[in-house]
Structures are given as C-alpha cells and as structure tokens.
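Notes follow the structure.
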Amino acid sequence: MAKVAVISAILEHPELCQHRFNDVVASFKGIIKGRMGIPMDEHGISVISITLIGEPDEINALTGKLGNIEHVFVKTSISKKEV
C-alpha cells in the first residue's frame with residue numbers, strides 16, 4: 001500500500017551533481033507530487049525537498065539512487081499511514 005514521504009536533500013557543490021540529481025528525480029516523476037529547491041549560492045549548496053506518494057520499495061529506491069550521487073546527502077521520512 002502506498003505511503004506519503006518527504007525526501008530532504010542537500011547538494012554540496014550543486015554544479016557538480018545537480019544534473020545527475022535531476023535525471024534521477026525525473027525517472028521517478030510518476031510518484032512525485034511536489035518539489036521545492038532553495039539555492040544557497042553564498043554557502044555553495046542547494047537544499048531540496050521532494051514530496052511523494054508511493055510504495056515503500058519505490059521510495060527507498062529513489063532515496064538510495066539519490067544518496068549514491070557524490071556530493072548529495074539525503075534523509076527520508078515516511079508516514080506510517082497507508083494512503
């Protein structure tokens with residue numbers, strides 16, 4: 001059963017990893033409900049929040065693929081409630 005989740009990501013040196021990050025996110029567009037990105041150029045990072053509804057395996061697959069990108073740090077919160 002599907003669950004609501006939020007993935008928080010910090011991209012250090014976004015110029016080095018943003019394109020790969022965006023490609024991975026785009027490959028999961030079917031479960032993504034919203035995305036907010038905040039560039040923080042003065043600190044050399046970008047902060048991104050992604051809200052999604054999907055099966056736990058899909059959520060974990062996206063989190064894992066994002067976390068495997070160099071300079072990307074992710075944390076995911078998954079609701080206990082099924083939707």
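Along the sequence shown, residues carry numbers from 1.
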Treating Ile, Leu, Val, Met, Phe, Trp and Tyr as nodes and any side-chain heavy-atom pair under 4.5 angstrom as an edge, say whether Phe21 and Ile32 lie in one connected cluster.
yes
Check for me, please, whether Val24 and Val72 land in the same ILVMFWY cluster - side-chain distances under 4.5 Å, paths through other members count.
yes
Using the side-chain contact (heavy atoms from CB on, under 4.5 Å) rule, pick out the option among Ile48, Thr76, Val25 that qualifies with Leu66.
Val25
Using the rule that Ile, Leu, Val, Met, Phe, Trp and Tyr join whenever any side-chain heavy atoms are under 4.5 Å apart, tell me whether Phe73 and Ile38 fall into a single cluster.
no
Minimum side-chain heavy-atom gap Leu52-Lys29 below 4.5 Å:
no
Of Val47, Leu11, Ile10, the one forming a side-chain contact (heavy atoms from CB on, under 4.5 Å) with Met40 is Val47
Heavy-atom pair with the smallest gap, counting every atom of Val6 and Ser49
CG1-OG, 3.7 Å
Closest heavy-atom pair, Pro39 versus Ser46, reported as atoms and distance to 0.1 Å, is CA-OG, 3.9 Å
Kindly give the heavy-atom pair with the smallest separation between Met1 and Pro56, and that separation in Å.
O-CD, 3.7 Å
Distance-only donor-acceptor check, side chains Arg20 and Asn68, under 3.5 Å
no
Counting only heavy atoms not in Glu82, do more than 12 fall under 6.0 Å of its CD?
yes
With hydrophobic residues grouped by side-chain heavy-atom distances under 4.5 Å, do Ile59 and Val4 end up in a single group?
no
To the nearest 0.5 Å, how far apart are CD1 in Ile50 and NZ in Lys33?
13.5 Å
Residue pairs fulfilling side chain to side chain donor-acceptor pair (under 3.5 Å) with at least one residue in residues 8-18, sequence neighbours excluded:
none
For the side-chain contact (heavy atoms from CB on, under 4.5 Å) test, which of Ile78, Thr63, Thr51 pairs with Ile7?
Thr63
For the side chain of Lys3 and the backbone of Ile53, is there at least one donor-acceptor N/O pair under 3.5 Å apart?
no
